[in-house]
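Quick note: residue numbers are just sequence positions, from 1.
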Amino acid sequence: MNYKTSPTHSDGASRTSANLSKGYSAVFATVFIWSVPSLFMFYLNRYYDPWAQNFYRYSVACIAIAPLLLYQIHRGGPRIDMHAVKLCLLPCLPNVVHQVTQVMALFYIGPGVYTIFTRASVIFTALLALAFFPEERAVIRQRQFQLGTLLGLIGAFGVIWFQANANSHDQHIALPGLFIAFTATFCWALYGVLIKRPAAELGSIRSFGLVSFITSALLFPLTLAFGKIGTPFQAGLQANLVLIVSAVTCITLAHVLYYVAIREIGVALSQSLQLLCPAIAMALSAWLFGERLTHAQLWSAGILLIGAFLAMRTKPIATAETAENI
């Protein structure tokens with residue numbers, strides 16, 4: 001007996017397959033893109049101070065997202081009002097601190113090590129979510145989460161602590177560098193938790209458009225006060241092109257692709273695949289900048305990634321915002 005597949009079933013299967021392909025393409029593109037921000041920033045540190053670098057990166061990202069935002073509004077999407085601005089203002093405060101301190105941290109540690117260390121933001125985000133969202137506090141009683149948190153924190157400290165001080169013969173990172181790196185990662189996690197409500201209420205494009213604009217506006221007076229606003233005129237064409245490419249790909253494009261990946265293949269798998277970023281970043285940093293990890297750092301990195309994976313798999317939704325923006 002011959003059974004024929006109905007056109008409706010066939011069309012549905014084709015759409016599902018196409019959506020999965022689109023989702024996997026988006027997530028693997030995001031994994032590669034999010035492996036390189038620290039390399040871009042490490043390179044730009046030669047030409048830009050931390051204030052100017054972040055002001056111009058976020059300004060370019062804001063300009064890049066503007067056409068998508070205007071297109072969405074033109075098609076009948078909700079317009080931006082003061083309520084939306086107020087929603088996005090609070091998350092922008094830790095985002096500014098994170099953006100500046102992550103660039104400062106790269107004066108003390110290599111881009112590969114920093115990419116590994118930022119995986120600890122999964123742990124910090126989950127802990128902060130417990131404080132901000134009462135419905136997620138039950139997760140702290142799960143043994144898997146407790147073990148993942150402990151391993152993640154131990155590994156994160158080891159990756160940073162066993163970084164040799166480039167300015168002396170000390171085998172450990174200078175204490176200011178340790179503090180700056182932890183501050184950057186903690187503020188990134190805090191931003192991830194605070195952006196949860198605006199992103200859910202406004203949508204990814206509207207919330208990111210506002211975040212990029214407000215972050216740029218906050219960084220402008222800081223750059224005037226502490227940085228060099230005229231750096232693009234002195235940095236040269238190549239450095240400015242690198243800055244533009246890093247902003248458009250690592251901030252704007254990665255943000256859009258990540259939401260495509262979440263929609264098509266889900267948060268848990270999208271987040272799990274982000275753990276490939278440190279390996280790619282280390283390989284690229286070793287090739288471009290000659291960065292190498294000590295044996296103690298390699299063991300610590302492994303412990304950190306295992307801990308992040310365990311904590312993330314316990315409650316994927318609570319940690320989904322850790323990778324929302326760069």
Worksheet, complete the sentence: Those residues at least two apart in sequence (or on a different chain) that pass side chain to side chain donor-acceptor pair (under 3.5 Å) with H295 are none

Worksheet entry | Contacts of type side chain to side chain donor-acceptor pair (under 3.5 Å), residue T185, not counting sequence neighbours | none

Worksheet item: Does Y71 have any ring-ring contact (aromatic ring centres under 6.0 Å, His included) partners at least two apart in sequence or in another chain, and if so, which?
Response: none

Item to complete: Check side chain to side chain donor-acceptor pair (under 3.5 Å) between Q238 and all other residues, then give those that pass, not counting sequence neighbours.
Response: Y43

Fill in: Non-neighbouring partners of F157 that pass ring-ring contact (aromatic ring centres under 6.0 Å, His included), sequence neighbours left out
W161

Practice prompt. State whether the side chain of T252 and the backbone N or O of A61 hold a donor-acceptor pair below 3.5 Å, judged by distance alone.
Written response: yes

Practice prompt. Give me the other members of the hydrophobic cluster that I154 sits in, counting Ile, Leu, Val, Met, Phe, Trp and Tyr linked by side-chain heavy atoms under 4.5 Å, directly or via other members.
Written response: L150

Worksheet item: Got a donor-acceptor contact below 3.5 angstrom from the T249 side chain to the V245 backbone?
Response: yes

Practice prompt. Applying side chain to side chain contact (heavy atoms under 4.5 Å, CB included), name anything that partners V96, two or more places apart in sequence or on another chain.
Written response: T215, L218, L219, L222

Discussion item. Any donor-acceptor pair under 3.5 Å linking the side-chain atoms of Q53 with those of D49?
Written reply: no

Worksheet item: Going by the ring pair (Phe, Tyr, Trp, His ring centres under 6.0 Å) test, which pairs reach into residues 209-239, not counting sequence neighbours?
Response: W51-F226, F55-F220

Worksheet item: Can you check whether N54 reaches R57 side chain to side chain, under 4.5 Å on heavy atoms?
Response: yes

Worksheet entry | Partners passing side chain to side chain contact (heavy atoms under 4.5 Å, CB included) against L69 (at least two apart in sequence or in another chain) | Q72, I73, I80, I205, R206

Worksheet item: Does any non-hydrogen side-chain atom of M282 lie less than 4.5 Å from one of T115?
Response: no

Item to complete: With sequence neighbours excluded, tell me which residues meet side chain to side chain donor-acceptor pair (under 3.5 Å) with Y48.
Response: N240

Worksheet item: Are side-chain heavy atoms of L90 and L93 found at a separation under 4.5 Å?
Response: yes

Discussion item. Can you list everything that forms a side chain to side chain contact (heavy atoms under 4.5 Å, CB included) with P176? Sequence neighbours excluded, please.
Written reply: Y108, A174

Practice prompt. Linking directly or through intermediates, with side-chain heavy atoms under 4.5 Å: list the remaining ILVMFWY members grouped with L237, chain and number order.
Written response: L241

